[in-house]
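All values reported here derive from a predicted model rather than from experimental measurement.
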Amino acid sequence: MAEYDLTQTIIPYCDRHLVFPLLAHLVGNDFFPVDQVRAAQYELAKGTNMVDYAVSLFGQLHPDEEAPAELSGKRESAVSTNERLEQEAQDVLKVIEIPEVVQALRQDKNQNLQYLKEHYKVTLEQISALYNFGQFQYTYGNYSGAADYLYHFRVLSTDPELTISAHWGKLACDILTGRWDIALEELNTLREAIDARTPSHPAFSTSPSPADPALTQLHSRTWLLHWSLFVYYNHPEGRTLLLETFLSPTYLNTIQTSAPWILRYVAAAAVLSRKASSTSGSSVSSRVRHSIREVVKIIQMEEYQYQDPITAFLKELYVEFDFEAAQRELSKAEQVVGNDFFLSEFKDDFLDNARYLISEAYCRIHQQISIADLSERLNLSREEGEKWVVNLIRETRMGSDAKIDLGKNVIEINRPPQPIYQTVIEKTRGLAFRTQALGAAMGRQGIALEQPTVDDAR
C-alpha cells in the first residue's frame, strides 16, 4: 500500500520540525527501508541546532564511525549563540514582567511601545530580540520555551511580517508539545490573520515568496491546511471542526486548487463524524450533518485529480450503489487508514462508522433485508450481525421505521413517502447562500476591473 502513502506529498508543506514525527511514523511501517528513513532524519536534523539528536542519528546509520567534526563545531557555535540571544531577550522580559508594566499595557501596540520607550528605554531592536531568541530556541528543540518568547514578542511587536511569522512559529511549538487546546486557539487566530490580510510566506519556509498577493494568500492557506491536520486529528472535537473549516468555500477552493490529496482527510473526517451527525438532538452544524453528501459531490468532481480507497469507498457506496465494490474498497481503506500518520489511531472508529454507513445505505434502498445477508456484506458472523443490527436501529434515526422479525430473521423497513415539498427543500438547500456568494464574488471582480491602472492615471 506504499502507493497510497502521502508522507512525501505532505512534507513540502511542513516545517522541518513537523516532519520529524512523520518520518518517525515511517520507521514503523514497511513502506521504505529503515536506513533510508534514518538517513532522511539525519539530513533533516543537520539543518537544525539539535546537534545531539543529529549525532545520535549518525551513530545509528554508521555505528563504527565517529560523528563528523562539523557537528562538534556546530554545537559550540549554537551554545555561544544561545547565551548571547538569551541575554538580549532577558533584558526585555525583566521589563515586561514588572507588575506596573503589565497593568500599564493596553491593546494599542503603538501606545505600549511608546510607554516602554519613555519609562524603560525599550527599543524595537530589543523587542525583536524576543523573536530572535524564540526562533533560535525552536531550532534548538526547546519548543515550550520558544512558544513563550514568541508569544511575548507577538504581544508587543508592531511589525506585521514578523508578527505573522511568530504566529506560525507559536503554532508549530504548540503542535510539537501536544498542547492541543492552545494549538486550536492559535490555529484559529492564524487563520483569521491570513483571511484578513495578504500575509507573508509562512515562517521558516525556504521557497521564494510569490509576487502575486493572491498567490501568496493561496500559498499560506495551503500550508495552513497541512499544519491544521496535526491539530484536527488530535483535538477531541477536531474532526467536526475540520469539516467546518475545510468545507467552507474559501478552504474548499484551496483544496481543489492546490492540495486535492487533503480530500482523504476530509472524507475520513466525514466518516468519523457520522455518529455525531446522525444522533438526534446533537448540536452539530448543518454543514457537518450533511457532510457526507457534500464530500461525495466533491469526490466526484475531483476524481480526475485525486482518488484513494477512502474516497473510492464513498463513491462506490453513494454514487454507484455498488455494495460489493464498496466492501472491497473498505478493505483497502482499512489498511490505508492504519498506515496513515494522522488516521492510524482512528482505524477501529473508521471501520465501525463505515459499516454503519453501508448498513444505512443498504436499508435505505430495501424494504426487507436478510440479517444474514447484511452480516455477510459487513464481514460479520451471524451473531455479531444481529447485535450490529440492533445497535444500528437503536443509535440511528431508523428506529421508528425499522422492525426486526426474528422468526424470518429479517429487518422490515416501513418508510413513509417523503412529501414533495420536503423533497424540494432538500434539493434547494443552500441555494440562496450560494447565489449570494456568487453575486458578491462577481461584484468584487467588477469593482477590480473598474479601478484605474497606473497607466490610466498617467
Q: Verify, without hydrogens or angle tests, whether T189 (side chain) and E185 (backbone) share a donor-acceptor contact under 3.5 angstrom.
A: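 Judged by distance alone, yes, a pair lies under 3.5 Å.
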Q: List the steps, then state whether side-chain contact (heavy atoms from CB on, under 4.5 Å) holds for T163 with H167.
A: CA-CA 6 Å; T163 299; H167 273 295; 4.2 Å; yes
Q: So E329 and K315, salt bridge (charged side-chain N to carboxylate O under 4.0 Å, His left out) or not? Walk me through it.
A: CA-CA 10 Å; E329 294 297 339; K315 179 196 170 189; over 6 Å; no
Q: Are there over 12 heavy-atom neighbours, none belonging to E320, within less than 6.0 Å of that residue's CD?
A: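 Above 12, so yes.
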Q: Between R239 and A270 (side chain of the first, backbone of the second, donor and acceptor by atom type, cut-off under 3.5 Å), is there such a pair?
A: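 Side chain of R239 to backbone of A270: no pair is present.
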Q: If I take atom CG from residue N339 and atom CG from residue N29, how far apart are they, to the nearest 0.5 angstrom?
A: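 Going from CG on N339 over to CG on N29, the span is 5.0 Å.
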Q: Measure the CD-CG distance between E186 and L171 for me, rounded to the nearest 0.5 Å.
A: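 It comes to 6.0 Å.
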Q: Output the distance between atom OG1 (T245) and atom CG (L225), rounded to the nearest 0.5 Å.
A: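 Rounded to the nearest 0.5 Å, the OG1-CG separation comes out at 9.0 Å.
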Q: If I compare all heavy atoms of E43 with all of R16, which pair ends up nearest, and what's the gap?
A: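 Closest heavy-atom pair between E43 and R16: O-NH1, 4.3 Å.
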Q: How are the rings of Y13 and H226 set to each other: parallel, tilted or perpendicular (split at 30° and 60°)?
A: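 Correct class here is parallel.
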Q: Could you label the plane-to-plane angle of the H17 and F20 rings as parallel, tilted or perpendicular, counting under 30° as parallel and over 60° as perpendicular?
A: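 The arrangement is perpendicular - the two ring planes meet at more than 60°.
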Q: Does any non-hydrogen side-chain atom of T7 lie less than 4.5 Å from one of L26?
A: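 With C-beta onward as the side chain, the pair touches.
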Q: One thing to verify: whether E316 and R328 come together as a salt bridge, which I'm taking to mean a side-chain N less than 4.0 angstrom from a carboxylate O.
A: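 A salt bridge is absent here (no side-chain N lies under 4.0 Å from a carboxylate O).
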Q: Show your working on side-chain contact (heavy atoms from CB on, under 4.5 Å) between F341 and I10 and close with a plain yes or no.
A: CA-CA 11 Å; F341 173 81; I10 292 174; over 6 Å; no
Q: Which heavy atom in C173 sits nearest to a heavy atom in T177, and how many Å separate them?
A: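 So the two residues come closest at O-OG1, 2.8 Å.
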Q: Can any side-chain N or O of S165 pair as donor or acceptor with the backbone N or O of E161 at less than 3.5 Å?
A: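 Between the backbone of E161 and the side chain of S165 there is no qualifying donor-acceptor contact (under 3.5 Å).
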Q: Atom CG in L61, atom CD in Q36: separation rounded to 0.5 Å?
A: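 If I round to the nearest 0.5 Å, the distance is 11.0 Å.
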Q: Establish, yes or no, whether a centroid distance under 6.0 Å links the rings of F346 and Y233.
A: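 Ring centroids of F346 and Y233 are less than 6.0 Å from each other.
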Q: Take atom OH in Y151; do more than 12 heavy atoms of anything else shown fall under 6.0 Å from it?
A: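 Not more than 12 within 6.0 Å, no.
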Q: Of the options Y131, W227, Y138, which is the one that meets W168 in a ring pair (Phe, Tyr, Trp, His ring centres under 6.0 Å)?
A: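 Among Y131, W227, Y138, the one meeting ring pair (Phe, Tyr, Trp, His ring centres under 6.0 Å) with W168 is W227.
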Q: Looking at every non-hydrogen atom in both residues, tell me the closest pair between A267 and L314 and how far apart they are.
A: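 Closest approach of A267 to L314: CB-CD1, 3.8 Å.
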Q: Hey, are the side chains of F32 and D5 touching, using non-hydrogen atoms and a 4.5 Å cut-off?
A: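 F32 reaches D5 side chain to side chain.
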Q: How far apart are the C-alpha atoms of Q41 and R38, what are their side-chain angles, what is the distance that settles it, and do they pass the side-chain contact (heavy atoms from CB on, under 4.5 Å) test?
A: CA-CA 5 Å; Q41 289 176 312; R38 296 290 187 197; 3.4 Å; yes
Q: Could you check if a side-chain atom of L218 sits within less than 4.5 angstrom of a side-chain atom of T222, using non-hydrogen atoms only?
A: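 Yes; the side chains approach each other to less than 4.5 Å.
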Q: Is D340 reaching over with its side chain to a backbone N or O of V336, donor-acceptor style, under 3.5 angstrom?
A: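 No: the side chain of D340 does not pair with the backbone of V336.
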Q: So do the side chains of L187 and W180 get within less than 4.5 Å of each other, counting heavy atoms only?
A: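 Heavy-atom side-chain distance check fails, nothing below 4.5 Å.
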Q: Atom CG of L357 and atom CG of D352: how far apart are they, to the nearest 0.5 Å?
A: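 Answer for the CG-CG pair, L357 versus D352, is 10.0 Å.
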Q: Start with the C-alpha gap between S157 and D159, add the side-chain angles, then the distance that decides, and say whether side-chain hydrogen bond (donor to acceptor under 3.5 Å, both in side chains) holds.
A: CA-CA 6 Å; S157 174; D159 187 327; 5.6 Å; no
Q: Does Q305, at its CD atom, have more than 12 non-hydrogen atoms belonging to other residues, nucleotides or ligands within less than 6.0 Å?
A: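 It does: Q305 CD has more than 12 such atoms within range.
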Q: Which atom names give the shortest non-hydrogen contact between A45 and T48, and what distance separates them?
A: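 What the structure gives for the nearest pair is O-OG1, 2.8 Å.
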Q: Are V295 and T311 packed together at the side-chain level, in the sense that at least one heavy-atom pair is separated by less than 4.5 angstrom?
A: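 They are not in side-chain contact.
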Q: Distance check, rounded to the nearest 0.5 Å: L247 atom CG versus L242 atom CG?
A: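 Reported value, rounded in 0.5 Å steps: 8.0 Å.
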Q: Can you find a pair of side-chain heavy atoms, one from V19 and one from L23, that are under 4.5 Å apart?
A: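 Touching, per the 4.5 Å side-chain cut-off.
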Q: Any chance you could lay out the side-chain contact (heavy atoms from CB on, under 4.5 Å) test for I310 and V271, step after step, and finish with the verdict?
A: CA-CA 9 Å; I310 298 176; V271 173; 5.6 Å; no
Q: For a quick test of reading the model, state the closest non-hydrogen atom pair linking G134 to A146 and the distance between them.
A: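 Looking at all heavy atoms of both residues, the closest pair is O-CB, 3.2 Å.
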Q: Is the backbone N or O of P260 less than 3.5 Å from a side-chain atom of R264, with the two atoms forming a donor-acceptor pair by type?
A: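 Pair absent, no side-chain N/O of R264 close to backbone of P260.
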Q: Could you tell me if the side chain of L184 sits less than 4.5 Å from the side chain of Y232, heavy atoms only?
A: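 Touching, per the 4.5 Å side-chain cut-off.
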Q: Can any side-chain N or O of N253 pair as donor or acceptor with the backbone N or O of Q256 at less than 3.5 Å?
A: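 The answer is no, because no donor-acceptor pair under 3.5 Å joins these two groups.
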Q: For G169 and L150, which heavy atoms make the closest approach, and how far apart are they?
A: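 Shortest heavy-atom contact: C-CD1, 3.6 Å.
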Q: From the options W261, Y265, F350, select the one residue that forms a ring pair (Phe, Tyr, Trp, His ring centres under 6.0 Å) with F342.
A: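 Of the listed residues W261, Y265, F350, the ring pair (Phe, Tyr, Trp, His ring centres under 6.0 Å) partner of F342 is Y265.
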Q: Quick check with a 6.0 Å cut-off and a 45 degree axis cone: is R221 positioned over the face of Y251's six-membered ring?
A: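 Yes, R221 sits over the ring of Y251.
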Q: Taking side chain as C-beta onward, heavy atoms only, is F246 less than 4.5 Å from L252?
A: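 Side-chain contact under 4.5 Å: no.
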